[in-house]
Asker: 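My structure is below; once you've seen it, I'll send some questions.
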Amino acid sequence: SVQSTMGSCCGSTALLVAAAALLVLVAATATSTGTAAIAKKNQTASYGVDVSIPVHYLKVSTNYDHLPHNVDPENNPIPPEYRDMPVQPLGDRLSFYRRYVANWKQSYIDEGEDPSEVDATEADRVQSNREQSSIVVNYTATGYKKIRAPKQLQDVVAQFWETNKQYEEEEDEVDIINQFDNPTTMVDLENTELQGGGSGIKMVIWDAVRDLVQQWTGQKLIGSSMYGIRVYKEGSTLLPHTDRLPLVCSAILNVAQDVDEPWPLEVYGYDGKAVNITMEPFDLVLYESHSLIHGRPFPLNGRYYANVFIHFKPAETIKEGELPSYIIPDADPKLVDVYYRDAMDEYEDNSETALIDETKEDYDKWDENNEGWEEAHLAAYRGDVALLTTLIDKDSRVVNKMDEDDWAPLAYAAYGGRLEAVRILVERGANLRERVEKSDDTALSVAVSRWGESHPVVQFLAVAEVENVMQEL
């Protein structure tokens with residue numbers, strides 16, 4: 001997540017030779033993860049889509065730059081099969097892609113699944129690359145920018161990484177990563193079982209990066225997703241793509257790397273040309289992930305490369321039936337249905353707060369007749385500070401007592417927007433990281449879902465969690 005995420009390539013027998021004042025790639029077999037010479041080549045070569053790998057269509061240029069009509073065009077007419085095909089300065093990328101797809105399909109066969117799904121997934125990817133950018137608003141001239149992360153952000157994330165990097169877990173399947181050959185792992189920022197993990201460190205990252213992205217785009221933004229720390233391994237690739245909506249304005253933070261050569265992020269600027277961006281630890285790449293095609297199509301040559309992906313969307317109230325400001329008003333309605341409305345349905349179904357949203361009507365109904373509540377939980381929800389204080393004084397254990405639905409009083413107070421009740425519970429020892437309904441949600445994420453980032457309860461809990469994280473780290 002430029003997505004929010006890339007490479008160096010080609011074969012161990014490949015050589016760079018001079019011909020007609022051009023760097024020419026000869027005998028590229030693409031059988032290894034790459035060489036430093038090829039890494040330098042893909043960073044300096046000028047090329048567009050469907051050269052490094054399929055981007056707009058399921059094809060890769062074979063119009064190699066060492067062919068006679070490219071070396072000496074005055075004396076060698078272009079053969080018919082190469083007309084309208086971009087020059088290929090990167091070697092035999094078609095064979096690389098064919099092996100990639102073959103290995104991907106074999107993984108489906110090994111799992112007893114239909115390998116034709118790979119073809120369908122790839123067709124969807126390149127179609128989205130062509131179409132989604134036509135319906136969204138761009139906020140910057142280039143679509144990307146590289147900067148350094150603020151020192152305080154570096155310190156917090158570096159400490160979390162050094163403390164928890166040994167607790168890698170295998171990442172769930174991601175279609176655009178070659179996990180079938182090179183599984184990626186996660187050191188999950190949201191894992192409250194890790195030292196410093198949870199909503200607090202997410203708020204630290206979001207707040208620090210949001211200011212930078214807002215300044216770059218000129219837009220007031222709110223968080224729409226955060227993911228990481230993802231750890232790519234030797235041989236990893238990430239297919240070029242645009243991010244699903246509502247991931248609009250984003251940033252990639254490189255946390256750590258152990259590589260033998262740079263692993264560039266390939267982005268396609270608004271001029272259609274590829275740019276390979278290299279990153280050092282705690283570089284930030286800001287990018288308009290909803291329209292800028294980005295990927296890492298050249299395999300990682302090294303041990304690991306660890307990133308966090310931070311995504312935002314414009315802060316606005318969208319009335320029912322209206323479109324957000326990042327959708328072009330006269331955009332093709334069919335494409336809006338596919339890339340906005342369908343994507344939003346999936347986003348909301350998979351969001352961290354989906355379970356909360358599905359059940360909140362039940363809690364409101366319970367409030368009508370006081371059934372199903374424990375006394376402290378109801379007092380917290382209603383903001384009855386006097387009763388809540390009396391109950392805590394009588395038995396301090398009620399502060400963190402879970403009810404039959406796995407909600408603690410703090411979550412109810414947060415859901416109810418009751419600042420004083422929240423304040424009392426925190427002061428009396430409420431666990432800020434207590435999970436709601438055994439999900440990844442905490443009182444803070446419940447409050448953000450219900451009230452938005454500017455609500456006093458959210459601000460109070462965010463500060464409390466940040467203080468908690470800083471103390472731990």
Side-chain angles (χ1 to χ4, degrees), residues 6-104 119 122-123 125-131 133 176 178 237-242 264-277 292-299:
M6 318 163 181
S8 63
C9 79
C10 299
S12 58
T13 61
L15 300 173
L16 291 177
V17 298
L22 296 174
L23 289 174
V24 179
L25 185 61
V26 178
T29 62
T31 56
S32 74
T33 59
T35 67
I38 304 305
K40 184 179 293 185
K41 177 77 170 180
N42 71 46
Q43 291 176 50
T44 59
S46 176
Y47 60 93
V49 299
D50 303 328
V51 173
S52 65
I53 210 157
V55 174
H56 276 176
Y57 298 94
L58 292 176
K59 60 184 182 181
V60 180
S61 174
T62 55
N63 186 16
Y64 303 114
D65 57 0
H66 63 266
L67 294 175
H69 63 274
N70 290 321
V71 175
D72 185 10
E74 291 186 3
N75 297 308
N76 296 279
I78 301 175
E81 63 269 28
Y82 295 119
R83 290 173 187 165
D84 300 322
M85 184 183 292
V87 174
Q88 174 57 272
L90 303 176
D92 187 6
R93 295 295 297 171
L94 178 60
S95 293
F96 171 86
Y97 180 66
R98 285 173 173 171
R99 283 193 299 276
Y100 183 105
V101 171
N103 291 352
W104 191 358
D119 297 324
E122 276 293 84
R125 177 180 67 86
V126 297
Q127 183 175 0
S128 176
N129 286 345
R130 294 195 310 270
E131 296 179 344
S133 62
I176 52 177
N178 62 336
T237 59
L238 179 72
L239 294 173
H241 63 284
T242 53
L265 173 67
E266 182 189 77
V267 305
Y268 288 84
Y270 295 147
D271 61 358
K273 296 295 185 181
V275 177
N276 284 281
I277 304 171
L292 192 80
I293 299 170
H294 55 282
R296 298 185 190 267
F298 304 97

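Please read these numbers as outputs of a predicted model, since none were measured by experiment.
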Asker: Between P299 and F96, is there a side-chain heavy-atom distance shorter than 4.5 Å?
Answerer: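 F96 vs P299: side chains touch.
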Asker: By ring-ring contact (aromatic ring centres under 6.0 Å, His included), which residues pair with Y82, not counting sequence neighbours?
Answerer: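 Checked Y82 against ring-ring contact (aromatic ring centres under 6.0 Å, His included); matches are H69.
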Asker: Measure the shortest side-chain to side-chain distance between I293 and V55 over non-hydrogen atoms and say whether it is less than 4.5 angstrom.
Answerer: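 Sidechains of V55 and I293: in contact.
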Asker: Would one find more than 12 heavy atoms of other residues, nucleotides or ligands at under 6.0 Å from atom CG of D271?
Answerer: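 It does: D271 CG has more than 12 such atoms within range.
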Asker: Listing request: all side-chain hydrogen bond (donor to acceptor under 3.5 Å, both in side chains) pairs with a residue in residues 50-59, at least two apart in sequence or in separate chains.
Answerer: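 Qualifying pairs, neighbours excluded: S52-E266, S52-Y268.
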Asker: Would a 4.5 Å heavy-atom cut-off, applied to side chains only, mark N129 and H241 as touching?
Answerer: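 Yes, at least one pair of side-chain atoms sits under 4.5 Å.
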Asker: Measure across V60 and V51 and return the closest heavy-atom pair with its distance rounded to 0.1 Å.
Answerer: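 Closest heavy-atom pair between V60 and V51: CG1-O, 3.3 Å.
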Asker: If you take all heavy atoms of D92 and S95, which pair is closest and at what distance?
Answerer: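 Closest approach of D92 to S95, heavy atoms only: OD2-OG, 2.6 Å.
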Asker: Give me the atom names and distance for the closest heavy-atom approach of P68 to N76.
Answerer: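 Reported closest heavy-atom pair: O-ND2, 3.5 Å.
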Asker: Can you name the closest pair of heavy atoms from L292 and G269 and give their distance?
Answerer: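 Answer, listing the atom of L292 first, then G269: CD1-CA, 4.1 Å.
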Asker: Side chain of N70, backbone of Y64: donor and acceptor closer than 3.5 Å?
Answerer: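 Yes, the answer is positive, given that a donor and an acceptor are paired below the 3.5 Å cut-off.
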Asker: Give the minimum heavy-atom separation between S61 and N63, together with the two atoms involved.
Answerer: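 Closest approach of S61 to N63, heavy atoms only: OG-N, 3.1 Å.
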Asker: In terms of heavy-atom contacts, does CZ of R130 have more than 12 from other residues, nucleotides or ligands at under 6.0 Å?
Answerer: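 Yes.
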Asker: Shortest non-hydrogen contact from P297 to T237?
Answerer: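 Between these two residues, the closest heavy atoms are O-CG2, 3.9 Å.
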Asker: Could you work out, with side-chain hydrogen bond (donor to acceptor under 3.5 Å, both in side chains) as the rule, every residue matching Y100, not counting sequence neighbours?
Answerer: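 With sequence neighbours excluded, Y100 shows a side-chain hydrogen bond (donor to acceptor under 3.5 Å, both in side chains) to no residue whatsoever.
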Asker: With no hydrogens and no angle check, is any side-chain donor or acceptor of R93 less than 3.5 Å from a backbone partner on Q88?
Answerer: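 No, because the side chain of R93 does not come within donor-acceptor range (under 3.5 Å) of the backbone of Q88.
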